[in-house]
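Working notes, structure below.
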Amino acid sequence: MNSVETDTSSPQLIPVGAFDIVVFGAAGDLALRKLIPALFHRWRDGQIPESSRIVGTARTQMSDDEYRQLAFESFREFHPADKIDDSEWASFSQHIYYAGLDATSPDADWAPLRERLEDDQHKQRVFYLALPPGIYGAVCQNIERAGLKSDNARIVLEKPIGKNLKTAHEVNEAVGAVFDEQSIFRIDHYLGKETVQNLIVLRFMNSLLEPVWNANVIDHVQITVAESIGAGGRASYYDTAGALRDMVQNHLMQLLCLVAMEPPLDLGADTIRDEKIKVLRALRPITAENVRQTTVRGQYGEGALKGEAVPSYENELGNQSVIETFVALKANIDNWRWKGTPFYLRTGKRMHERRSEIIIQFKDVAHALIAPEGNQLQPTRLVIRLQPDEGMRLLLVTKDPGPGGMRLRYVPLNLSYADAFSARYPDAYERLLMAVVRGDLGLFMRRDEVEAAWRWVDGILDAWSQDATPTHKYAAGTDGPAQAAMMLDRDNREWFDGISA
Ligand code: BG6
């Protein structure tokens, strides 16, 4: 008989060859908060070969040691629970170098950076642009002009790629003039998350699910990415973007693609990306005619979180704004699989808790044999919890045990990652950085994918600008504006926020 046991042994890590990684924007938040700590963890697990170098560049002039110190202090500040001792850091930081440079200037002196890279055409070279997208093109040109684009050089672009289809196209053209598509790694860090990767395994490695994964059986899908943090120190950037550009165009649409796509033939990067793009192309446009029924914009006012008063978005920003910190959307996918089964997307800052979930809600039973007391009949739901408390719950109606007749109870079949697996889950950036070094494009967005997502989002932005759809205020620490609940109510549905006791 087959048995299943939880494997608690350390998995074999896939080795990577020696590489040099140049981080542009090395003194910024992303580099210090995410990239250097991610590389540290890969080093700690023995995945960074001895001769690999991490070279930070930014406009400020600093010595290697000063940058190492800055990186160390930031690590301790941002990851207080991550225990790291001085000697460990000292060994790791031998991989770190720094070169002060204005990479946007053609006249800058690139010699210090060149000196820190090894002149070995076979060594993998990675340029990571932790910079605003408006300067990607200039930096790429300057990398080439400075003679640093080695034969196998790769470039990593952070989101957002542009702020609409037009600017995304411009960024892609400018970067594409220097690097070919196979060398361009466009990051959406959600694709590096453990639970997001699991979506493919869940859907396509369990024969139970695929036959019911369609509009005949599924009533609708909800994707919620709620954050409790506010825009805070990023408010001035955030005000140029808003939740639709910052979260929906990339993270939520990638999740939607993974839930909705057809089974790929294999796990090849382009096979998966070809399937995702078909979903994006099948999205019904949101236009000025339907924007009021299909979208809700919100912005947090002041409120309270965990008993503490928190300021409004406008207060953090320092002026008035109509930018949305919350958005809820109804997306329709016009293809055979999903005709008539909407996907409701919702994301917001300063919501009452941090919670990212995908909810697959199945249709009601065709004929209810037992009338539930008080409550309405509960549908079968599959709840995929992406973060925190990663896991899955299949919510089923069962008979409440004991005497008293056929009383119904709604209970979960529970898989909690914390209980089932003892492994540490690497941060998304750890996985993504190693994937770049290995050249695994499957976890990154292809140019046509980014542009197709923008095409749909541009329609919403246009409709918003024509229709003057209001941005509704919601109190910080709540679930967003009431209009989001009303949008589902019109369809006789409601957001699912867990089983009430
Ligand atoms: C980023 C957004 O891409 O994702 C941020 O720019 C957001 O505004 C963040 O806070 C959320 O990421 P995570 O991994 O914390 O869910």
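Hydrogens, waters and symmetry mates play no part in the numbers below; they use all other heavy atoms, side chains included. In each ligand, atom 1 is the first atom listed, and ligand 1 is the first ligand listed. On a predicted model such as this, the values are computed, not experimentally measured, just so you know. Counting begins at 1 with the first residue of the sequence.
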Closest non-hydrogen protein atom to atom 10 (O) of ligand 1, residue and atom name please, with distance?
E227 OE2, 2.5 Å
Considering only non-hydrogen protein atoms, determine which one is nearest to atom 15 (O) of ligand 1 and report residue, atom name and distance to 0.1 Å.
R354 NH2, 3.6 Å
Atom indices of ligand 1, in the order listed, that fall short of 4.0 Å to a heavy atom of K159
1 (C), 2 (C), 3 (O), 6 (O)
If every non-hydrogen atom of Y98 is compared with every non-hydrogen atom of A26, which pair is closest and at what distance?
CE1-CB, 4.5 Å
Atoms of ligand 1, numbered as shown, that sit under 4.0 Å from any heavy atom of K349:
5 (C), 7 (C), 8 (O), 10 (O)
Rounded at 0.5 Å granularity, tell me how far CD in E302 sits from CG in N315.
7.5 Å
In terms of residue, atom name and distance, what is the protein heavy atom nearest to atom 16 (O) of ligand 1?
Y190 OH, 2.5 Å
Suppose we measure from atom 14 (O) of ligand 1 to each protein heavy atom; which comes out shortest, and what is that distance?
K193 NZ, 2.6 Å
Considering only non-hydrogen protein atoms, determine which one is nearest to atom 6 (O) of ligand 1 and report residue, atom name and distance to 0.1 Å.
D246 OD1, 2.6 Å
Heavy-atom nearest neighbour in the protein, as seen from atom 12 (O) of ligand 1, with distance rounded to 0.1 Å:
H189 NE2, 3.2 Å
Check K276, R186, R281, K278 against E449 for a salt bridge (Lys or Arg N to Asp or Glu O under 4.0 Å) and give me the one that passes.
K276
With heavy atoms of H251 as the reference, note each atom of ligand 1 found under 4.0 Å away.
1 (C), 3 (O), 4 (O)
Under 4.0 Å, heavy-atom basis, I'd like to know which part of Y238 is in contact with ligand 1: side chain, backbone, both or neither.
neither
Run the side chain to side chain donor-acceptor pair (under 3.5 Å) check on S183 and D180 step by step: do they pass?
CA-CA 6 Å; S183 316; D180 61 39; 2.8 Å; yes
Any side-chain donor-acceptor pair under 3.5 Å between T224 and R346?
yes
Side-chain donor-acceptor pair under 3.5 Å between R493 and Y344, yes or no?
yes
Side chains of Q387 and E357: donor-acceptor distance under 3.5 Å anywhere?
no
